[in-house]
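Here's the structure we're looking at; comments come further down.
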Amino acid sequence: MSENTNFIHAIIEKDLENQTYGGRVSTRFPPEPNGYLHIGHAKSICLNFGTAQKYNGQCNLRFDDTNPIKEDTEYVDSIEADVRWLGFKWDNLFFASDYFERMYDCAVLLIKKGKAYVCDLTADEIRAHRGTLTEAGRKSPYQDRSVAENLDLFERMRKGEFADGEKVLRAKIDMASPNINMRDPVLYRISHTDHHNTGDQWCIYPMYDYAHPIEDAIEKITHSICTLEFEDHRPLYDWVLTELDWEQPPQQIEFARLNITNTVMSKRYLKALVDEGTVDGWDDPRMPTIAGLRRRGYTPEAIRDFCERIGVAKSNSTVEIGLLEHCIREDLQDKVESRMVVLDPIKVVITNYPKDKTEYVEIENSKDETKGHRMVAFSGELYVEREDFMEVPTKGYFRLFPGNEVRFKGAYFIRCEEVINDEQGNILELRCTYDPETKSGTGFEGRKVKGTIHWVDAKTAVKISARAYSYLMIEDEKGENVMNPDSIKTYAAYAEPSIAESKAEDRFQFFRHGYFIADAVLTTKDSKVFNRIVDLKSSWKK
RNA sequence: UGGGGCGUCGCCAAGCGGUAAGGCACCGGAUUUUGAUUCCGGCAUUCCCAGGUUCGAUCCCUGGCGCCCCAGCCA
């Protein structure tokens, strides 16, 4: 699959060479089901599944559902669908919550070893005892409880004898550690909350730092790949597995999470956009979610290619959104057909074309000859793109302007003879003439024109409401991402009739507008000039 | 001046002591029935800075500087 290698592959190859895990490679993608997956997760998905594939290993999809307050089955369903859509198959699907009993047993073991204790301090008190970045913490007054008492208390915690926040189970490590994560971290908290998977079976839930290494170990994961912010947690990850005497413990490896210009990746922020109704939902085409990108017309291939190109390293970086756009253009380039759509129309009347006549001209569906041709209606009344005409051309402009002749794609040379304006000077229509000699395909060589433009026949065109999407976020003067007030634009557009026959997943290329898919659509050729995505959904579907 | 990371072209990113890959962007030029695509060509004497070791350093050492992360009973 991938040609590129990264530092994680290097670690794995060394482990393979040393037979660290008996030649096994096993990874996992462990999302918490508290939101939809976004492009940042795609990087992790491609890394984990891709790495497993590369070394003939295994990769599990595991829901890290240890905090019932934030989790929901809606999210697990969407996550499964998105991973599958991206083109990956998990070897096993697990829920961290399925290991709760086993985790409980491990906690009991730690207590028996004198490595964990029940603490009655309140959250605030624990914080106060933890010390600061530069000062050591103080030990909890409950740190020296007997094993028997801890065992009893922990069991009663599980039985529901205490209220939320009344007690926690803590690891007994080192309150003076320069690494704050090692200052007797909380292992279990009490939360009388129903869990999406275990219902009301539990009222104590394990913390990430305690649960994750056990989850990995149970699944015999060899390389537990996560993001940079967990680097400081690694000593705790290792501590848990060491105290539990796990053989061939997995190793945690961290990489830099993905940042993209003009894009906010924070799940908290994205959820707020959805909850406040700022966007239509998690799958709004402007969202950086997998579901949003899918509606916007992105293909799994393009997203995977993007993840391959950005690489994997440990330095914080921000990839330009242009690279993602390049990937979708390149992918669609040779697998999609072209259609003519005029987003912002100007009427063109061809004065010397026979009244009431309609002829059909042949236009190729793609540069790829195997995709065939179609017949498109052409008559004396047409629409062309407003930006394909300039009443007063700038230097170098070679599309339509008074006195200039251009080719109408697949049809004739057309010359603009006259501009009809209203009192305000707005262009109402263009009076043009055509030259019958110049019909496409006849081999006319008499003269050349510099420009070719697309058009749509006025009588047969279907009227569509096209939605054009721009970036959801833009940078302000300080370089901070802020909401783009013009992230969406609607056009009363015209399209050739064949568009109306396309299906929800069909994608097309619009001349000079980029690409679109039926249910959403498209990205543009040049994001600086034609930065739009067209959503045809609302219009032609009904 | 607690600890953990990171600093190679505008943006990503290889490189791991032997004399700076690749991609995106950008700039030329050729083809072109859409100023697109395709196609050729250009684009870091230099790797955060300063010393040192070495025949030789982006890679090793020392000292600076800059940026990111950590004080949730979130993940």
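To find a chain, count down the sequence lines: A is the first, B the second, and so on, and within it residues start at 1.
Ring to ring, A:Y412 and A:F378 are close: their centroids are under 6.0 angstrom apart. In this structure, the ring of A:H212 has its center less than 6.0 angstrom from the ring center of A:Y208. Between A:H195 and A:F100, the gap from one ring centroid to the other is short of 6.0 Å. Within the 6.0 Å centre-distance limit, the rings of A:F154 and A:Y188 are counted as a close aromatic pair.
One donor-acceptor pair, N or O on each side, does fall under 3.5 Å between the base of B:G35 and the side chain of A:R399.
Within the nucleic acid shown, A:G451 has no heavy atom closer than 4.0 Å to any nucleic acid atom. Among the heavy atoms of the strands, none lies under 4.0 Å from A:F408. No engagement by A:G137 is indicated, since no non-hydrogen atom pair under 4.0 Å with the nucleic acid exists. Using a 4.0 Å heavy-atom cutoff across all strands shown, A:I260 reaches no nucleic acid atom at all. Among the atoms of the strands shown, none is found under 4.0 Å from any heavy atom of A:Y188. A:I126 comes within 4.0 angstrom of a base, heavy atoms only. Among the heavy atoms of the strands, none lies under 4.0 Å from A:S177. Here A:E320 lies in heavy-atom contact (under 4.0 Å) with a base. Residue-level contact check: A:A123 touches the bases, meaning some heavy atom is under 4.0 Å from a base atom.
Between A:R62 and A:D216, at least one side-chain N (NZ, or NE/NH1/NH2) sits under 4.0 Å from a carboxylate O, which counts as a salt bridge. Between A:K409 and A:E364 a salt bridge is recorded (basic side-chain N to carboxylate O distance below 4.0 Å).
Distance A:D331 CG to B:U37 C1': 15 Å, rounded to the nearest Å. What separates CZ of A:R339 from P of B:A36 is a distance of 22 Å, to the nearest Å. For the pair A:E369 CD and B:U33 P, the interatomic distance rounds to 13 Å; values are reported in whole Å. Residue A:D305 contributes atom CG, which lies 18 Å from atom P of B:C12 at whole-angstrom precision. One interatomic measurement links the two molecules: CG of A:L133 to P of B:C69, which rounds to 13 Å at whole-angstrom precision. For the pair A:L324 CG and B:C12 C1', the interatomic distance rounds to 13 Å; values are reported in whole Å. In this structure, CD of A:E229 is placed 14 Å from C1' of B:G72, rounded to the nearest angstrom. The NE2 atom of A:H212 sits 9 Å away from the C1' atom of B:A75 (whole-angstrom rounding).
B:A71 and B:G66 have their P atoms separated by 23 Å, given to the nearest Å. Taking atom P on both nucleotides, B:C61 is separated from B:U1 by 24 Å, rounded to a whole Å. With both ends at atom C1', the span from B:C12 to B:U19 equals 25 Å, rounded to whole Å. The C1' atoms of B:C9 and B:U58 are separated by 14 Å, rounded to the nearest whole Å. Going from the C1' atom of B:A13 to that of B:U53 covers 30 Å, rounded to whole Å.
One finds a side-chain N or O of A:R130 lying less than 4.0 angstrom from the OP1 or OP2 phosphate oxygen of B:G72. The side chain of A:R234 places no N or O atom within less than 4.0 Å of a non-bridging phosphate oxygen (OP1 or OP2) of B:C69. Applying the 4.0 Å criterion to OP1 and OP2 of B:G72, one finds that A:R127 has a side-chain N or O inside that range. Of the side-chain N and O atoms in A:R189, one or more sit less than 4.0 angstrom from OP1 or OP2 of B:C74.
When both distances must be under 3.5 Å, the Watson-Crick or G-U wobble mate of B:U38 is B:A30. Across the strands present, B:C65 finds its partner in B:G7; the criterion is a Watson-Crick or G-U wobble pair with both atom distances under 3.5 angstrom. Pairing partner, B:A44: none, since no Watson-Crick or wobble contact has both distances short of 3.5 Å. Pair assignment for B:A21 gives none, since no Watson-Crick or G-U wobble pairing has each distance under 3.5 Å. As the counterpart of B:U1, no nucleotide is assigned, since no Watson-Crick or G-U wobble pattern has both distances under 3.5 Å.
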request  = Take A:L169 and A:V186, measure what side chain to side chain contact (heavy atoms under 4.5 Å, CB included) needs, and give me the verdict at the end.
outcome  = CA-CA 6 Å; A:L169 181 72; A:V186 172; over 6 Å; no
task = With side chain to side chain contact (heavy atoms under 4.5 Å, CB included) as the test, would you mind laying out the steps for A:N197 and A:E71 before giving the verdict?
result = CA-CA 10 Å; A:N197 184 36; A:E71 298 151 9; over 6 Å; no
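Crowding of A:K450 atom NZ: a count of heavy atoms from other residues, nucleotides or ligands under 6.0 Å not exceeding 12.
Between A:Y75 and A:W282, the ring planes are perpendicular. Angles over 60° get that label, and only those under 30° would be called parallel. Under the 30°/60° scheme for interplanar angles, the aromatic rings of A:Y397 and A:F401 are found to be tilted. A parallel orientation is assigned to the rings of A:Y494 and A:Y383, their planes being inclined by less than 30° (bins at 30° and 60°).
Considering only side-chain atoms of A:D232, the nucleotide from B:G35, B:C74, B:C70 that sits closest is B:C70. Checking B:A36, B:C73, B:A75 against the side-chain heavy atoms of A:V168 singles out B:C73 as nearest. Distances were taken from every side-chain heavy atom of A:T452 (C-beta onward) to each of B:A71, B:A13, B:U33; the shortest belongs to B:U33. The side chain of A:N316 sits closest to B:C68 out of B:A25, B:C68, B:C11. Of all nucleotides listed (B:A75, B:A25, B:C12), B:A25 comes nearest to the side chain of A:R329. The side chain of A:I180 lies closest to B:C70, out of B:C70, B:A36, B:A75.
The main-chain N or O of A:E229 is never found under 3.5 Å from a side-chain atom of A:T227 such that the two would form a donor-acceptor pair. A:H454 places no side-chain N or O within 3.5 Å of a backbone atom of A:M340 that could act as its donor or acceptor partner. Although no hydrogens or angles enter the test, the distance criterion places no donor-acceptor pair under 3.5 Å between the side chain of A:R170 and the main chain of A:C119.
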Output one line per pair: protein atom, nucleotide atom from nucleotides 29-31 of chain B, and distance, for all N/O pairs under 3.5 Å.
none

Give each protein N/O atom lying under 3.5 Å from an N/O atom of nucleotides 39-44 of chain B, with the pair distance.
none

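In this structure, A:R447 forms no cation-pi arrangement with A:F413, as its terminal cationic atom is not both closer than 6.0 Å to the ring centre and no more than 45° off the ring axis.
When the nearest nucleotides of RNA chain B are assigned to A:S315 and A:T261 by heavy-atom distance, the more 5′-ward of the two goes with A:S315. When each of A:E364 and A:G311 is assigned the nucleotide of RNA chain B bearing its nearest heavy atom, the one mapping closer to the 5' terminus is A:G311.
Remark: A:S440, A:G441 in residues 440-450 of chain A come within less than 4.0 Å of RNA chain B through at least one heavy atom.
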